[in-house]
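Okay, so here's the structure we're looking at.
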Amino acid sequence: MVQAGDVVFVWFANGPSRDGGLRAKVRASAAAGVARNAPWPDADRYSHTFPMEVVRDLGTCLPDRFPGNRASEVFGVENIWLNWGFWHIEEEAVVESLERCFLIP
């Protein structure tokens with residue numbers, strides 16, 4: 001469950017256009033709570049929401065590939081992490097590779 005202060009990396013799904021990937025880094029400003037009156041048309045698909053502050057939006061997605069539906073080639077992100085809610089990433093090398101994308105040059 002997302003807690004206040006947690007960092008969340010935002011990943012856009014590839015979909016038919018194949019232009020998805022790592023897009024943004026946000027910080028939860030409060031713990032996740034049960035979704036009530038969600039402002040999107042398919043709100044019934046989501047059980048929880050949380051308020052957030054955008055730390056940095058890259059403006060475009062950084063693509064990655066998942067050969068064999070496993071870990072991604074560029075960031076080492078496991079495919080299942082992107083398909084099943086929010087995952088706490090414990091692998092330090094993965095977190096570091098994601099964090100590097102948000103360093104301001």
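The basis for the numbers below is simple: all heavy atoms, side chains too, and nothing from hydrogens, waters or symmetry mates.
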Would you name the heavy atoms of [X] and [Y] that are closest together and state the gap between them?
{"X": "His48", "Y": "Ala32", "result": "CB-CB, 4.2 Å"}
{"X": "Phe50", "Y": "Ala30", "result": "CB-O, 3.9 Å"}
{"X": "Cys101", "Y": "Leu62", "result": "SG-CD1, 3.6 Å"}
{"X": "Ala71", "Y": "Gly76", "result": "CB-O, 4.2 Å"}
{"X": "Val74", "Y": "Pro63", "result": "CG2-O, 4.2 Å"}
{"X": "Trp87", "Y": "Ile80", "result": "NE1-O, 3.5 Å"}

If you measure from [atom1] on [X] to [atom2] on [Y], what distance do you get to the nearest 0.5 Å?
{"X": "Ser29", "Y": "Glu53", "atom1": "OG", "atom2": "CD", "value": "7.5 Å"}
{"X": "Arg23", "Y": "Phe12", "atom1": "CZ", "atom2": "CZ", "value": "4.5 Å"}
{"X": "Ser97", "Y": "Phe9", "atom1": "OG", "atom2": "CZ", "value": "8.5 Å"}
{"X": "Glu99", "Y": "Glu92", "atom1": "CD", "atom2": "CD", "value": "11.0 Å"}
{"X": "Phe75", "Y": "Leu98", "atom1": "CZ", "atom2": "CG", "value": "6.0 Å"}
{"X": "Trp81", "Y": "His88", "atom1": "CH2", "atom2": "NE2", "value": "10.0 Å"}

Q) Listed by chain and number, what are the side chain to side chain donor-acceptor pair (under 3.5 Å) partners of Thr49, not counting sequence neighbours? A) none
Going by heavy atoms in the side chains, are [X] and [Y] under 4.5 Å from each other?
{"X": "Asp6", "Y": "Arg27", "answer": "no"}
{"X": "Val34", "Y": "Arg36", "answer": "yes"}
{"X": "Val7", "Y": "Val55", "answer": "no"}

Q) Under the side chain to side chain contact (heavy atoms under 4.5 Å, CB included) criterion, do Asp64 and Leu22 qualify, and how do the steps go? A) CA-CA 8 Å; Asp64 203 346; Leu22 182 64; over 6 Å; no
**Q.** With Arg65 via salt bridge (charged side-chain N to carboxylate O under 4.0 Å, His left out) - residues at least two apart
**A.** Glu73
